[in-house]
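Everything on this sheet refers to the single structure shown next.
Quick caveat: nothing in here was measured; it's all calculated off a predicted structure. Note on naming: letters A, B, ... go to the chains in the order of the sequence lines (proteins, then strands), and numbering restarts at 1 for each one. Because only heavy atoms are used, hydrogens play no part in the values below, and waters and symmetry mates are left out as well, while side chains stay in.
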Amino acid sequence: MDFAKIIANWYRANKRDLPWRETKDPYLIWLSEIILQQTRVEQGLPYYYRFAERFPTVADLADADEDQVMKLWQGLGYYSRARNMHATAKTVYQQRGRAFPSSYSELIRLKGIGEYTASAISSFAANEARAVVDGNVYRLLSRYSGAGIPIDTTAGKKYFSALAADLLDKDDPGVHNQAVMEFGARQCRPARPFCSACPLASGCAALKEGKVGLLPVKSKRPRTRERYFNYLMIRDKGQIWLNKRGSGDIWQSLYDFPLVETPAPVDEAGLFQLEDFRKILKDREYLVISVSQTLKHVLSHQVIHARFWELELKGYLKPESKYITVEEKEMEAYAFPKLITNYLENNL
DNA sequence: AAGTCGGGGTT
DNA sequence: AACCCAGACTT
């Protein structure tokens with residue numbers, strides 16, 4: 001029995017019931033695929049339900065405000081996915097109305113859709129014969145073939161894409177693609193894969209050569225950098241100052257507070273002398289309401305050490321135009337990074 | 001080709 | 001602490 005047949009049989013017996021497997025609507029499939037990029041199914045599932053309910057068609061998503069989209073995405077990370085998703089909804093709705101594309105050649109041109117996602121949508125929605133290669137498939141194929149070529153290099157991507165295309169079941173590419181990913185995720189999982197009860201065991205090169213635990217090979221990722229954030233929660237008669245984060249840094253399009261970043265931790269006396277701090281407060285007097293402990297927040301390439309300084313203004317001060325002021329009760333309408341919501345949950 | 005972009009689960 | 005996740009984009 002060949003690879004595709006074995007995978008198909010395994011999938012019939014082991015598949016999970018997932019909502020995006022019950023539709024052929026390319027829009028809903030696209031929604032699920034964007035949400036699932038670099039994200040575990042269990043983590044993405046509640047977000048999929050929220051987006052599918054709140055934005056049932058591409059027109060609904062295209063009509064939404066960016067703040068609404070970001071708010072619904074809040075907490076999921078990699079926020080460029082949400083911004084690109086929103087942009088693509090507008091593009092599609094403008095150019096094609098409600099008919100979301102389902103062909104690879106059209107999909108690949110859209111923002112936020114790369115080779116994996118275009119293959120996934122076109123195979124699931126239109127049964128186009130495009131083989132998906134996600135993290136699960138890389139692992140499965142690397143082990144099955146025994147190939148130790150690094151999966152995060154151009155050569156590796158080329159090699160495994162060709163292998164996946166070769167193994168693709170062209171009679172049923174959509175189900176085949178679902179099956180290989182599910183197999184990689186659950187049977188051929190990263191740690192402690194179920195090799196002793198694996199239907200592919202007899203043909204698995206890594207198992208034969210005793211190197212399952214060594215595959216797949218990934219070249220090393222760069223170290224993270226440390227950053228020190230001093231967040232100013234500036235209150236002025238029930239209003240609080242917010243900052244919308246721009247391009248060139250983390251958390252673009254989310255909101256936080258006026259920020260003084262320093263190259264090293266600073267104490268109270270040190271912070272209040274900094275030019276960046278005084279520029280925000282001008283000469284206005286303020287009361288220091290509270291100073292938090294240092295919170296550590298870990299991202300993929302950064303570790304952020306954050307302190308929150310709650311200040312109450314004595315008398316009115318018009319903030320710089322880059323900041324907005326909102327009633328504290330209205331803050332829930334804005335999307336914040338996890339670091340901020342964690343602090344607010346524990347301190348308000 | 002290398003760097004960047006989150007947050008959470010697992011080992 | 002290191003690795004990984006239904007990757008894509010920028011430089």
Side-chain angles (χ1 to χ4, degrees), chain A residues 15-16 18-21 29-48 70 73-85 87-88 107-121 123-124 130-140 142 150-158 161 164 174 176-186 188-193 213-225 227 245 247-254 296-304 335-342:
Chain A
K15 69 174 288 208
R16 288 170 288 185
L18 298 172
W20 47 84
R21 287 179 174 162
I29 293 170
W30 166 71
L31 219 50
S32 75
E33 290 302 334
I34 302 302
I35 288 169
L36 291 172
Q37 286 169 3
Q38 290 294 289
T39 303
R40 291 169 196 278
V41 167
E42 308 82 69
Q43 189 187 359
L45 204 44
Y47 286 84
Y48 173 79
M70 300 313 292
W73 197 275
Q74 172 178 291
L76 193 58
Y78 281 170
Y79 297 93
S80 65
R81 292 182 291 170
R83 295 192 308 271
N84 287 335
M85 183 176 79
T88 285
L107 290 162
I108 195 67
R109 287 195 291 246
L110 297 169
K111 272 188 187 172
I113 297 183
E115 280 182 42
Y116 162 77
T117 303
S119 299
I121 300 171
S123 68
F124 300 157
R130 302 274 182 175
V132 294
V133 189
D134 72 338
N136 298 308
V137 177
Y138 276 118
R139 182 173 53 255
L140 169 61
S142 174
I151 62 175
D152 54 352
T153 60
T154 304
K157 285 175 190 144
K158 206 171 150 187
S161 298
H176 172 91
N177 279 338
Q178 293 279 2
V180 289
M181 289 194 285
E182 185 96 331
F183 191 96
R186 303 178 66 201
C188 197
R189 64 188 186 181
R192 298 181 299 113
L214 303 175
L215 297 175
V217 174
K218 250 185 192 175
S219 34
K220 253 204 146 8
R221 54 170 205 175
R223 242 190 83 262
T224 57
R225 67 174 165 134
R227 300 177 72 178
R245 296 186 60 86
S247 58
D249 203 348
I250 54 174
W251 301 329
Q252 185 184 341
S253 301
L254 273 64
K296 183 175 165 181
H297 188 75
V298 179
L299 305 178
S300 9
H301 295 83
Q302 307 182 15
V303 179
I304 295 171
F336 296 98
K338 196 68 182 166
L339 169 61
I340 303 281
T341 57
N342 283 347

The criterion is side chain to side chain donor-acceptor pair (under 3.5 Å); which residues satisfy it with [X], sequence neighbours excluded?
X        : result
A:Ser161 : none
A:Ser253 : A:Glu66
A:Thr117 : A:Gln37
A:Arg192 : none

query = From the 5' end of DNA chain B to its 3' end, which nucleotides mark the outer limits of contact with chain A, defined by a 4.0 Å heavy-atom distance cut-off (strictly under)?
reply =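 Both ends considered, the range comes out as B:dA1 to B:dT11.
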Pairwise [atom1] distance, [M] and [N] [rounded to whole Å]:
N     : M      : atom1 : result
C:dA6 : B:dT11 : P     : 14 Å
C:dC5 : B:dA1  : C1'   : 23 Å
B:dG6 : C:dT11 : P     : 15 Å

Nearest-Å distance, [atom1] ([X]) to [atom2] ([N])?
X        : N     : atom1 : atom2 : value
A:Glu115 : C:dA8 : CD    : P     : 8 Å
A:Leu36  : C:dG7 : CG    : C1'   : 11 Å
A:Gln37  : C:dA6 : CD    : C1'   : 9 Å
A:His176 : C:dA6 : NE2   : C1'   : 14 Å
A:Tyr138 : C:dC5 : OH    : P     : 11 Å

Applying a 4.0 Å non-hydrogen cut-off, can you work out what [X] is touching in the nucleic acid: base, sugar-phosphate, or nothing?
X        : result
A:Gly184 : nothing
A:Gln302 : sugar-phosphate
A:Ser300 : base
A:Leu18  : base
A:Trp20  : base
A:Arg225 : nothing

query = Who passes ring-ring contact (aromatic ring centres under 6.0 Å, His included) against A:Phe336, sequence neighbours left out?
reply =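 With neighbours one apart ignored, the set is empty.
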A:Tyr78: partners by ring-ring contact (aromatic ring centres under 6.0 Å, His included), with sequence neighbours left out =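 Applying ring-ring contact (aromatic ring centres under 6.0 Å, His included) to A:Tyr78 gives none.
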Review item, side-chain donor-acceptor pairs of residues 151-158 of chain A, under 3.5 Å, at least two apart:
from     : atom 1 : to       : atom 2 : distance (Å)
A:Asp152 : OD1    : A:Ser219 : N      : 3.1
A:Asp152 : OD1    : A:Ser219 : OG     : 2.7
A:Asp152 : OD2    : A:Ser219 : N      : 3.3
A:Asp152 : OD2    : A:Ser219 : OG     : 2.9
A:Thr153 : OG1    : A:Pro150 : O      : 3.0
A:Thr153 : OG1    : A:Gly156 : N      : 3.1

At their closest point, which heavy atom of [X] faces which heavy atom of [Y], and how far apart are they?
X        : Y        : value
A:Ala120 : A:Glu33  : CB-CD, 3.9 Å
A:Gly75  : A:Gln43  : O-NE2, 4.5 Å
A:Thr88  : A:Lys111 : OG1-O, 2.8 Å
A:Arg225 : A:Arg227 : NH2-NH1, 3.4 Å

Produce the list of close N/O pairs, under 3.5 Å, pairing protein atoms with atoms of nucleotides 1-4 of chain C; give distances to one decimal.
from  : atom 1 : to      : atom 2 : distance (Å)
C:dC4 : O2     : A:Arg40 : NH2    : 2.8

ask   = So which one's nearest nucleotide on DNA chain B is more toward 5', A:Tyr78 or A:Ala191?
value =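 First, find each residue's nearest nucleotide; the 5'-ward one identifies A:Tyr78.
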query = Starting at the 5' end of DNA chain B and moving along, which residue's nearest nucleotide shows up first, A:Arg192 or A:Ala155?
reply =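 The residue whose closest nucleotide sits nearer the 5' end is A:Ala155.
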message = Can you see if the side chain of A:Gln38 gets near the phosphate of C:dG7 - specifically, an N or O under 4.0 Å from OP1 or OP2?
response =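 So the side chain of A:Gln38 is within the cut-off, an N or O lying under 4.0 Å from OP1 or OP2 of C:dG7.
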query = Taking OP1 and OP2 of C:dA8, is either one under 4.0 Å from a side-chain nitrogen or oxygen of A:Thr117?
reply =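 Affirmative; the distance criterion is met.
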All salt bridge (Lys or Arg N to Asp or Glu O under 4.0 Å) counterparts of A:Glu115, not counting sequence neighbours =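 Scan of A:Glu115 (salt bridge (Lys or Arg N to Asp or Glu O under 4.0 Å), adjacent residues dropped) gives none.
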ask   = Taking only residues two or more places apart in sequence or in another chain, which ones pass side chain to side chain contact (heavy atoms under 4.5 Å, CB included) with A:Pro19?
value =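 Side chain to side chain contact (heavy atoms under 4.5 Å, CB included) list for A:Pro19, sorted by chain: A:Leu45, A:Tyr48, A:Tyr49.
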Distances under 3.5 Å between protein N/O atoms and the N/O atoms of nucleotides 9-11 of chain C, please, pair by pair.
from  : atom 1 : to       : atom 2 : distance (Å)
C:dC9 : OP1    : A:Gly112 : N      : 2.4

